[in-house]
Number of protein chains: 2
Amino acid sequence: MDGLTINEAAETTGWSPRMLRYLESVGLILPPRTDSGYRKFGPEELQRLRTLKELLARFDCGLSDIAFAKRMREDEELKQAVDTWFEAAPRPPEGVASDDWLRWEQEKHQRLLGIAA
Amino acid sequence: MDGLTINEAAETTGWSPRMLRYLESVGLILPPRTDSGYRKFGPEELQRLRTLKELLARFDCGLSDIAFAKRMREDEELKQAVDTWFEAAPRPPEGVASDDWLRWEQEKHQRLLGIAA
DNA sequence: TGAACCTTGACACATCCGTGCTAAGGTTGC
DNA sequence: GCAACCTTAGCACGGATGTGTCAAGGTTCA
């Protein structure tokens, strides 16, 4: 077999076999399978597993955070909606009447969030 | 008072007063305060509250997801690290020896994740 | 063929997230 | 000055996350 089995991969990456399966279930690491269904962890998977661990530890975030980042990369509409929400500055720009600015913001959000989007 | 009080804002946005305070505690909505410490919800805050509700419902995500998106916007290093992790494609590009590619990836990750970053 | 691995599925548990409620105390406004 | 609002702080609780462990069964290989 070209690649490690799940227990071997667990051994060298520091994840538990259980977590390796969990990571697959949430779509973060998807190792290929042998014909009989065994997971095969190649160098790329091992490297990604190690760096994922570092990422979580260094920035103290959870798997669901990374999973959401993945959703944003894959769903352009979601990314747009989130970006737009943040770009609605808490204070209107200078030189624009507050009412006009608010109306413009409302339209912008409706464009991106509305059912017909 | 120019702006609604927390209960009035709750009334018109559909959030509960409790959640308005919670949203502030996680940094998603930060209404200004009166001299005595009362929150003032102006048109911008109200609009953001409504669109936030839409956003969560339409894409079925949680506040912690949006909070993480905020972290990524504000912490360039975090954003870089996450992007880099995703860009480590599960399969090396064609025409590059697997070992070379892996070494290159390792270096890239060390650049972005290493303590000296 | 039998030991040692793999698979999926499920139960269990700690922790966090989202949310409501209550308590103790300050502010506002008639 | 009192009713009706605001503040923070805290308890509580259901649901989701992250993780271990066990069970029942298929695969590998000496």
Check whether more than 12 heavy atoms from other residues, nucleotides or ligands sit under 6.0 Å from atom CD of Glu8(B), and answer yes or no. yes
Not counting sequence neighbours, which residues clear side chain to side chain donor-acceptor pair (under 3.5 Å) with Lys79(B)? List them please. Asp83(B)
Does some side-chain heavy atom of [Y] sit less than 4.5 Å from a side-chain heavy atom of [X]?
X        : Y        : value
Val82(B) : Leu78(B) : yes
Arg48(B) : Leu23(B) : no
Met19(B) : Lys53(B) : no

Rounding to a whole Å, what distance do you find between [X]:[atom1] and [N]:[atom2]?
X        : N       : atom1 : atom2 : value
Phe41(B) : dC5(D)  : CZ    : C1'   : 14 Å
Ile6(A)  : dT27(D) : CD1   : P     : 17 Å
Arg33(A) : dG26(D) : CZ    : C1'   : 13 Å
Asp65(B) : dT17(D) : CG    : C1'   : 12 Å
Leu4(A)  : dC5(C)  : CG    : P     : 14 Å
Lys40(A) : dT7(C)  : NZ    : C1'   : 16 Å

Does the side chain of Arg39(B) get closer than 4.0 angstrom to OP1 or OP2 of dT8(D) through an N or O atom? yes
Please confirm whether the shortest side-chain N or O distance from Ser64(A) to OP1 or OP2 of dG18(D) is below 4.0 Å. yes
Pull out every protein N or O sitting under 3.5 Å from an N or O of nucleotides 13-16 of chain C, one pair per line with the distance.
none

State plainly whether one hydrophobic cluster holds both Val26(B) and Trp15(B), where clusters connect Ile, Leu, Val, Met, Phe, Trp and Tyr through side-chain heavy atoms under 4.5 angstrom apart. yes
Examine Leu20(A) and Tyr22(A) and state if one hydrophobic cluster contains both, with Ile, Leu, Val, Met, Phe, Trp and Tyr joined whenever side-chain heavy atoms are less than 4.5 Å apart. yes
Rounded to the nearest 0.5 Å, how far does CD1 of Ile29(A) lie from CG of Leu46(A)? 9.0 Å
Worked verdict on Phe59(B) versus Ile66(B) for side chain to side chain contact (heavy atoms under 4.5 Å, CB included): CA-CA 11 Å; Phe59(B) 294 97; Ile66(B) 308 299; over 6 Å; no
By salt bridge (charged side-chain N to carboxylate O under 4.0 Å, His left out), which residues pair with Asp35(A), not counting sequence neighbours? none
List in chain and number order the residues that pass salt bridge (charged side-chain N to carboxylate O under 4.0 Å, His left out) with Glu24(A), two or more places apart in sequence or in another chain; answer none if no residue qualifies. Arg33(A), Arg39(A)
Using a cut-off of strictly less than 4.0 Å between a heavy atom of the residue and any atom of DNA chain C, enumerate the qualifying residues of residues 16-24 of chain B by number. Ser16(B), Arg18(B), Met19(B), Tyr22(B)
Take Glu8(B) and Trp15(A), find for each the nucleotide of DNA chain D with the closest heavy atom, and name the residue whose nucleotide sits nearer the 5' end. Glu8(B)
Checking contacts here: which listed nucleotide (dT19(C), dG18(C), dC5(D)) is nearest the side-chain heavy atoms of Thr5(B)? dC5(D)
Annotated protein contacts, base or backbone, on nucleotides 22-30 of chain C with a non-hydrogen cut-off under 4.0 Å, one of B, S, - each: ----BBS--
